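Working notes for the structure below.
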Amino acid sequence: MHHAFNSGDSARFFPALKNLEDYLLAQGDLHAYYTQRCNEIVFQMNRQRIFEAYKLARELTKELSEKKLDKEMYMAYNMLGHLNRYCGNRETAKENFRKVIKMMEKAGYYESMPPIYMNLVNVALDDDPKEADELLDKAKEIAEKYSPERVFDIESRKTLSLFNRGDIPQFVEGYKKYQEGIAQGKSSVHGRSMEVCYEASLGHTDKAVAMAYETLGEEADEIVTIIYERAGRWQEAYASLKKEALANDSINNVILINSMQGFRDELRVYDIERETTHQRAVTLIVTIVLLLLLIVALCYISFSRQGYEETDAALPAPYVTDRDSVGVW
């Protein structure tokens, strides 16, 4: 499933995903099972099947909410972050991903946090490269401690950021390390982008552009713009940038933004229900405490009165004189 996901091979991905999901359900591992449900959504987004991804995200949110799986609810916000990023709602996407990190920290899912940091990196990279570097370092720090298998992917992403900034010599050094990792059997979701950028770093601009459009899907326009810019081909860079802007403003995105209101409403209902449940629990606890206090008070009054009656019964009978006992005969 992992290799099919990275290569975008839908013919292999969906059967492998189904087998993995069935296995995880049989094992009772709901956390891993819903993680794979999220992978399916992201895979559809990578194929530009945004409406399919949106519908799957709605189904996931509804299921998690109905089953009261609060610890896994962060997955719904994560998918909302992806969808907002796709629509160009960058700040909202950041808010979504930051909320996911807080929810995961609360649930103790540290081993799954590095990919969320990577999501934040993808949003922050253009706006604030310094913040992106800090997020990458944080992701690597957590990965080294809780999920070492993710370190290679994070390092690959950091190498890509060097190309984006125009630091070609450092990028080439990073690419060599990437190739060493590949030779050791490692893989990265950034593999296709790495190969495209490496061709561009060699000066093979047209070949790199062709590879990008062939393998990178919706991400192609963004990276092609950078490739043309690095090559000094400004007219083509402008045309690619214009194409990317038009795609972001397309009617599909407008429709999706409107449709996402339902997604947000479902999450809002979940938050309200959770808060209501919390308030009910607090009210119930307070009521129980008050009832216990009332019972203690009643018991105290009852025992106090019983003690008084017992004391009164223990007093000696009045002394009766003969005069008191005289009667009429």
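Given the structure is predicted, the values throughout are model-derived calculations rather than measurements.
Considering every non-hydrogen atom in both V172 and S201, the closest pair reads CG2-OG, 4.1 Å. Closest heavy-atom contact between P15 and S10: CD-O, 4.2 Å. Contact between Y77 and K99 at its shortest, heavy atoms only, is OH-NZ, 3.4 Å. The two residues I227 and A208 have their closest heavy-atom pair at CD1-CB, 4.0 Å. Considering all non-hydrogen atoms of both residues, Y110 and E105 come closest at OH-O, 3.8 Å. Contact detail for M75 and C38: the closest heavy-atom pair is CB-SG, 3.6 Å.
The six-membered or imidazole ring of Y178 lies away from that of H190, with a centre-to-centre distance of 6.0 Å or more.
Between the T215 side chain and the M211 main chain, a donor and an acceptor come within less than 3.5 Å of each other. The main-chain N or O of E236 is never found under 3.5 Å from a side-chain atom of S240 such that the two would form a donor-acceptor pair. Side-chain atoms of R150 come within 3.5 Å of backbone atoms of E111 as a donor-acceptor pair (strictly under, hydrogens ignored). With N78 contributing its side chain and I116 its backbone, the two residues share no donor-acceptor pair below 3.5 Å. Using modelled atom types, one side-chain atom of R90 and one backbone atom of V123 make a donor-acceptor pair closer than 3.5 Å. Listed for the R230 side chain is no donor-acceptor partner under 3.5 Å among the backbone atoms of C197.
Taking the charged nitrogens against the carboxylate oxygens, K94 and E91 do have a contact shorter than 4.0 Å, which makes a salt bridge. A salt bridge links R233 to D206: one of the charged nitrogens lies within less than 4.0 Å of a carboxylate oxygen. With salt bridges taken as basic N to acidic carboxylate O contacts below 4.0 Å, one links D137 and K158.
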Criterion side chain to side chain contact (heavy atoms under 4.5 Å, CB included) on L30 and L25, from CA distance to verdict: CA-CA 7 Å; L30 292 180; L25 279 178; 4.1 Å; yes
After noting the C-alpha distance and the side-chain angles of E72 and Y109, does the key distance pass the side chain to side chain donor-acceptor pair (under 3.5 Å) rule? CA-CA 10 Å; E72 318 304 335; Y109 288 144; 2.7 Å; yes
Test salt bridge (charged side-chain N to carboxylate O under 4.0 Å, His left out) on K176 and E173 and set out the steps. CA-CA 5 Å; K176 291 178 182 177; E173 288 301 313; 3.6 Å; yes
Verdict with supporting geometry, V42 and F5, side chain to side chain contact (heavy atoms under 4.5 Å, CB included): CA-CA 9 Å; V42 174; F5 180 94; 3.9 Å; yes
Apply side chain to side chain contact (heavy atoms under 4.5 Å, CB included) to S188 and M194, showing your working. CA-CA 9 Å; S188 169; M194 289 284 286; 5.9 Å; no
Trace of the side chain to side chain contact (heavy atoms under 4.5 Å, CB included) decision for I182 with F152: CA-CA 10 Å; I182 295 297; F152 182 69; 4.2 Å; yes
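Inter-residue side-chain proximity for D221 and Y213 is flagged as met; some heavy-atom pair is nearer than 4.5 Å. Taking the side chain as every heavy atom from C-beta outward, M73 and T61 approach each other to under 4.5 Å. Side-chain contact between N119 and V100 is absent, with no heavy-atom pair separated by less than 4.5 Å. Between E63 and Y34 the shortest side-chain heavy-atom distance falls below 4.5 Å. Counting heavy atoms from C-beta on, the side chains of V224 and L216 never come closer than 4.5 Å. Looking at heavy atoms from C-beta onward, K207 lies out of side-chain contact with L202 at the 4.5 angstrom threshold. Within the 4.5 Å cutoff, side-chain heavy atoms of S112 are placed close to those of H31.
The number of heavy-atom neighbours closer than 6.0 Å to CD of Q235, taken from other residues, nucleotides and ligands shown, is 12 or below. Counted within 6.0 Å of OH on Y23, heavy atoms from surrounding residues, nucleotides or ligands total 12 or fewer; the atom is thus considered open.
Rounding to the nearest 0.5 angstrom, the gap separating the CD1 atom in I154 from the OG1 atom in T159 is 12.0 Å. To the nearest 0.5 Å, atoms CG (L136) and CD (E131) are separated by 10.5 Å. With rounding to the nearest 0.5 angstrom, the NE2 atom of H82 is 10.5 Å from the CG atom of L80. Interatomic distance, CZ of R37 versus CE of M79, reported as 11.5 Å (0.5 Å rounding). Separating the OH atom in Y175 from the OG atom in S156 is a distance of 11.0 Å, to the nearest 0.5 Å. For the atom pair CZ of R98 and CD of E95, the computed distance is 8.0 Å after rounding to the nearest 0.5 Å.
Between the side chains of N122 and R157, at least one donor-acceptor pair of N or O atoms lies under 3.5 Å.
Side-chain heavy atoms closer than 4.5 Å link hydrophobic residues (I, L, V, M, F, W, Y) into clusters, and following such links, even through other members, never connects I226 to Y238. Grouping the Ile, Leu, Val, Met, Phe, Trp and Tyr side chains by contacts below 4.5 angstrom, directly or via other members, places F14 with L56. Tracing side-chain contacts under 4.5 Å through hydrophobic residues (I, L, V, M, F, W, Y), one never reaches V151 starting from M113; they form parts of separate clusters.
Aromatic ring orientation, F13 versus F43: parallel (interplanar angle below 30°, classes split at 30° and 60°).
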